[in-house]
Amino acid sequence: MKSKLYIRACAVALALGIAPTAPANGQATLEAAPNQDAEKLAIAHEIVDRGFPAGSREAMFFGTMDQMVHQMRSGMQRNLPEMDSGAEQVLDEWLAEWIGTAKGILRQHSSQS
């Protein structure tokens, strides 16, 4: 239950352009309040399921992530002097690794929902 709630919160955050980070210990940090209203939680799940259908959720999130990185790189290139090709390669390799890790985490959590 915790992992489903965490991935949904991350999905919404990603859709809003907020970059959630995984806790150091790898455990979900989003906990339901002790007196959480089950009916409100069910409504929240329904909202997420309708807004982000399970069959297209991964493609939506990955497309958003790819577009965000593309826009970030375009903005950097416009605002920086010509970058050394070696430095640009290091940045591109780091971004590729980060994107691969982030998508792997998202895919893992999406399959649990």
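As the structure is a prediction and not an experimental result, all values here were calculated from the model. What you see below is based on every heavy atom in this structure, not just the backbone, and it leaves out hydrogens, waters and symmetry mates.
Using a 4.5 Å cut-off between side-chain heavy atoms of Ile, Leu, Val, Met, Phe, Trp and Tyr, Ile43 falls into a hydrophobic cluster with Ile47.
Put simply, CE on Met72 and CG on Leu95 are 4.5 Å apart, with the number rounded to the nearest 0.5 Å. With rounding to the nearest 0.5 Å, the separation of OG1 in Thr64 from CE in Met60 is 7.0 Å. Rounded to the nearest 0.5 angstrom, Phe62 CZ and Ile99 CD1 are separated by 11.0 Å. To the nearest 0.5 Å, the span separating CG on Leu106 from CE on Met65 amounts to 6.0 Å.
Contacts of Glu46 classified as salt bridge (Lys or Arg N to Asp or Glu O under 4.0 Å), with partners at least two apart in sequence or in another chain: Arg50. Taking Gln67 as the reference, His70, Gln71 meet the side-chain contact (heavy atoms from CB on, under 4.5 Å) condition, with sequence neighbours excluded. Taking Glu97 as the reference, nothing meets the side-chain hydrogen bond (donor to acceptor under 3.5 Å, both in side chains) condition, with sequence neighbours excluded.
Heavy atoms from other residues, nucleotides or ligands lying under 6.0 Å from CD of Glu93 number more than 12.
Counting only residues at least two apart or on different chains, the salt bridge (charged side-chain N to carboxylate O under 4.0 Å, His left out) pairs with a member in residues 58-69 are Glu58-Arg107, Asp66-Lys103.
In terms of heavy atoms, Asp49 sits closest to Arg57 at OD1-NH2, 3.2 Å.
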